[in-house]
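By convention in this document, chain letters (A, B, ...) are assigned in the order of the sequence lines, proteins followed by strands, and residues within each chain are numbered from 1.
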Amino acid sequence: MAYSNAAAAAVFDEIADLLEVQGGNAFRVRAYRNAARTLAGLGRSAKEMIAAGEDLDDLPGIGKDLAGKIAEIVATGSCVQLDALRKELPEGITELLRLPGIGPRRVQALRGALGVQCLADLQAAAEQGRIRGVRGFSRDAERRILDAIIALLKTQRRVPLATAAPMAAALLAELQTVAGVQQAAVAGSLRRRRDTVGDIDLLVSAGRGSPVMERFAGGNGVQRVLAKGSTRASIVLQGGVQVDLRVVPQASFGAALLYFTGSKPHNIALRRLAQEAGLKLNEYGLFQGAHRVAGDTEESVYRALGLPWIDPELREDSGELDAARADRLPHLVRLQELRGDLHVHTSDSDGRDSLRVMAEAAAARGLSYIAVTDHSRRLAIAHGLDAGRLARQIDLIDAMNEQLSGITLLKGVEVDILKDGKLDLPGAILQRLDLVVGAVHERFDLPADQQTARLLRAMDHPYFSILAHPAARLLGEREPCAFDLERVLRHARERGCFMELNGQPTRLDLDDHACRMARDIGVLVSIASDAHGLLEFGHLDWGVGQARRGWLEARHVLNTRPLEEVRRLLDATMGRSEAAVTS
DNA sequence: GCCGTTTTCGGCCCGACTGTTTTCAGTCG
């Protein structure tokens, strides 16, 4: 198994889980989790850093010990400490932590008293009425555990951002109509635009006596109320998505929004900053003693800490505080800066709408160009185009460009990258296109070195412009392919081709970390809708969210450029230099 | 396990909610 930062991060996360169940020092557990986060968000491969003689213990949260463990993982692919922990603890014990209300202490209690080793053991113990006999567990607790196990087994865990966002918007609109509610906002990972969200976090400010909690917990579509106090409540919606609501006074709204937006590591880092300045930050404000010095808006809190306001997408404690202090925060790309979309399907392959309908829908959204990129012949299930059908589509597009105004259609294809890295259509037809978008649609399971070689070879084809959805992941369905992203990005830069950030809600691929690596290495990213119907140009917005999480500015994005410039850049990938085009 | 314009030891963010161990520990975000 080839080394990846993600694999090393997974090792540290598992060690943290196991130490936690074992009742280990909570700060030691956190140290492993921090290191996992550092690795996952690292712009470069730790393996290459070691090879270059760099000290890993210069990285935040990584000291001598963990640097040594990373070196061990790089060298051997495993970690002695993890192997030892796995031997000491039963496989499956950490899944008990996924049950609400069950933490490390209760897992230990259940294991000690009943010998529970996994979810199935616990379920059996609950069904047999043995849990109520354990100290600290009542008959009610036993029933709750059983309910939680059943709920866990049938609900999906995280939902795509695009699924949660409209649910949150609907709830927010309802809360805004409740008497006494002054301000309401979405917070949490949804506001930070993570690709998936575990629950929906909502915040409102309201005067005393507002019935907002009652309305929230008693609303339509509420399946279960998990908790309900005067300032905080949690419900589960029909369909299994959890929603948390927090109510604060108006004067605390900004501090609460900051706190409730997270991420947790960002909050911890901010609170530490406050501490160092002799202040205390909590969800009610920034305090000097009992005096509130800031808190009505997020800006006021950041400003009082000597910082500019930070975009929510950046709040992951991955360098944004340093950047803010140095006044070097990125000017993140915005949806309205996209001028075109370089991955669009029509009913010629598996799209639902015709060429003309797609063109008009794109124009109506304010785009000035789109690339028509239907599938190639290999993808028979998508009615992929062979050379003959593609040639006819090319002629059709030429003719249609004569008629259209305000939008230009670029001639492209989403060509399959075959197992050996060859492309699924002959060069003679690819040569006639404005751009070639290559994608993997099969054999996702190749070993990392073969998958990497496959992608590199595809990019070396004389006509290759953009690598589409490079990891080929499907959120909740298919893990990303194993390949050496850094090598692929470096090759793309040398070859002069581009990487796609696919905006389909279950793809979002490149992911945020990969975007940041592309930015660092200097490869332009094409944010694409991969629209298969006229309504799907909206997917561009999900792509923009991930791009922003990846610190991308307009200058890092291919399709923020005007048509003439994009043409020049694409021509170069197709072996047509500027001189050749004009001659 | 990490970290350090007080430091190589002794800290490590802070508060709400729940259940139950009737004064607080465990869990969560």
Side-chain angles (χ1 to χ4, degrees), chain A residues 12 15-16 19-21 23-38 56-70 79 81 96-110 131-132 134-145 148 187-192 197-203 213 217 225-235 242-248 252 255-287 301 305 315 317:
Chain A
F12 285 172
I15 290 176
L19 285 174
E20 195 167 29
V21 171
N25 180 310
F27 297 108
R28 191 171 167 225
V29 171
R30 185 196 289 177
Y32 278 99
R33 294 209 194 284
N34 282 341
R37 218 160 38 80
T38 295
L56 293 181
D57 60 2
D58 289 341
L59 295 170
I62 293 179
K64 284 269 174 281
D65 184 274
L66 292 180
K69 288 198 170 74
I70 295 169
C79 174
Q81 189 193 3
L96 299 183
L97 293 173
R98 287 168 54 191
L99 294 170
I102 301 293
R105 294 302 173 93
R106 295 208 165 113
V107 169
Q108 281 179 75
L110 291 165
I131 290 176
R132 67 188 71 169
V134 180
R135 184 177 164 76
F137 292 85
S138 62
R139 185 184 284 257
D140 273 355
E142 181 177 85
R143 187 183 44 75
R144 275 193 303 274
I145 286 174
S189 52
L190 192 53
R191 183 165 179 240
R192 301 199 314 279
V197 302
D199 56 22
I200 294 172
D201 296 307
L202 302 176
L203 174 71
M213 278 303 188
V225 178
L226 297 175
K228 180 167 155 307
S230 59
T231 67
R232 181 171 211 155
S234 295
I235 60 168
Q242 183 176 328
V243 187
D244 295 340
L245 172 68
R246 192 74 193 258
V247 182
V248 296
S252 298
L257 185 58
L258 188 57
Y259 155 76
F260 218 23
T261 296
S263 66
K264 190 169 172 176
H266 180 84
N267 285 344
I268 290 175
L270 271 185
R271 287 175 177 192
R272 186 171 292 140
L273 267 185
Q275 224 178 21
E276 286 164 6
L279 304 167
K280 187 177 74 168
L281 176 61
N282 60 30
E283 58 265 52
Y284 298 108
L286 182 66
F287 294 90
V301 176
L305 292 171
R315 300 182 195 171
D317 191 26

When all nucleic acid strands are considered with a 4.0 Å heavy-atom cut-off, which category describes A:N25: base, sugar-phosphate, or nothing? base
Quick check for you: among B:dT20, B:dT27, B:dA16, whose closest atom lies nearest to any side-chain atom of A:R144? B:dT20
Options B:dC12, B:dA16, B:dG1, nucleotide nearest the side-chain atoms of A:R272: B:dC12
Mark yes or no for a side-chain to base donor-acceptor pair under 3.5 Å between A:Y259 and B:dG29, with no hydrogen or angle criteria applied. yes
With a cut-off of less than 4.0 Å, is there a side-chain N or O of A:S234 near OP1 or OP2 of B:dC28? no
Distance between the C1' atoms of B:dG29 and B:dT21, in whole angstroms? 25 Å
Can you check the distance between B:dG1 and B:dT5, where both ends of the measurement are the P atom (answer in whole Å)? 23 Å
Taken to the nearest whole Å, CG/A:L190 to P/B:dG29 is 16 Å
Counting only side-chain nitrogens and oxygens, does A:R105 get under 4.0 Å of the OP1 or OP2 atom of B:dG26? yes
Any Lys/Arg nitrogen of A:D317 or A:K264 sitting under 4.0 Å from an Asp/Glu carboxylate oxygen of the other? no
Is any side-chain heavy atom of A:Y32 closer than 4.5 Å to one of A:K69? yes
Donor-acceptor contact below 3.5 Å, side chain A:T38 vs main chain A:P60: yes
Students often get this wrong, so: under 4.0 angstrom with heavy atoms, is A:S230 touching a base, only sugar-phosphate, or nothing? sugar-phosphate
Atom pair distance, as rounded to whole Å: CG in A:L226 and C1' in B:dG29: 13 Å
Where the side chain of A:A227 is concerned, which of B:dC13, B:dT18, B:dG15 is the nearest nucleotide? B:dT18
On DNA chain B, compare the nucleotides closest to A:G101 and A:R135; which residue's is nearer the 5' end? A:R135
What integer distance in Å separates A:I235:CD1 from B:dG29:P? 15 Å
Would you mind telling me which residue lines up with the more 5' stretch of DNA chain B, A:N267 or A:L97, judged by nearest nucleotide? A:N267
Hey, does A:L99 reach any base, or is it just sugar-phosphate, or nothing, if we go heavy atoms under 4.0 Å? sugar-phosphate
For B:dC28 and A:K264 - does any side-chain N or O of the residue sit under 4.0 Å from the phosphate oxygens OP1/OP2? no
For the side chain of A:N282, starting at C-beta, report the closest nucleotide among B:dG29, B:dT21, B:dG15. B:dG15
How far does the C1' atom of B:dT22 sit from the matching atom of B:dT18, given to the nearest Å? 15 Å
To the nearest Å, give me how far apart CD1 (A:I102) and C1' (B:dA25) are. 14 Å
Spacing of OG belonging to A:S263 relative to CZ belonging to A:R192, to within rounding of 0.5 Å: 5.0 Å
In whole Å, what separates the C1' atom of B:dG19 from that of B:dT23? 13 Å
Separation of B:dC3 P from A:E276 CD (nearest whole Å): 14 Å
d(A:L202 CG, A:I235 CD1) to nearest 0.5 Å is 8.5 Å
What distance, rounded to whole Å, do you find between the two C1' atoms, one in B:dT8 and one in B:dC3? 10 Å
Assess the side chains of A:R191 and A:T261: does a donor N or O sit below 3.5 Å from an acceptor N or O? yes
Phosphate oxygens OP1/OP2 of B:dC14: is one of them under 4.0 Å from a side-chain N or O of A:Q275? yes
Taking the side chain of A:Y284 as heavy atoms from C-beta outward, which of B:dG19, B:dG15, B:dG1 is closest to it? B:dG15
Lys/Arg N to Asp/Glu carboxylate O, A:R33 vs A:E20, below 4.0 Å: yes
On the nucleotide B:dT18, are OP1 or OP2 found under 4.0 Å from the side-chain N or O atoms that A:K228 carries? no
Which of these nucleotides, B:dC13, B:dG19, B:dT27, is closest to any side-chain atom of A:R106? B:dT27
Assign A:G136 to base, sugar-phosphate, or nothing according to its heavy-atom contacts below 4.0 angstrom with the strands shown. base
Looking at every strand, decide which applies to A:L270 at a 4.0 Å heavy-atom threshold: base, sugar-phosphate, or nothing. nothing
Side-chain N or O of A:R30 less than 4.0 angstrom from OP1 or OP2 on B:dC13? yes
When the distance from CZ of A:F260 to P of B:dG15 is rounded to whole Å, what number comes out? 16 Å
Does any N or O in the side chain of A:R106 come within less than 3.5 Å of the main-chain N or O of A:G101, such that one atom is a donor and the other an acceptor? yes
Taking the minimum atom-to-atom distance to the side chain of A:F27, which one of B:dC14, B:dC12, B:dG29 wins? B:dC12
Sticking with atom C1', work out how far B:dC2 lies from B:dC13, rounded to a whole angstrom. 16 Å
Out of B:dC13, B:dG29, B:dG1, which has the shortest distance to the side chain of A:I268? B:dC13
Atom pair distance, as rounded to whole Å: CE in A:M213 and P in B:dA16: 12 Å
Report yes if at least one side-chain N or O of A:R28 is closer than 4.0 Å to OP1 or OP2 of B:dG1; otherwise report no. yes
Side chain of A:R246 (C-beta onward), nearest among B:dA16, B:dT20, B:dT21: B:dA16
As its Watson-Crick or G-U partner within any shown strand, both distances under 3.5 Å, B:dG10 has B:dC3
Taking atom C1' in both B:dC9 and B:dC14, compute the distance separating them and give it to the nearest angstrom. 24 Å
Atom CG of A:L257 and atom P of B:dG29: how far apart are they, to the nearest Å? 18 Å
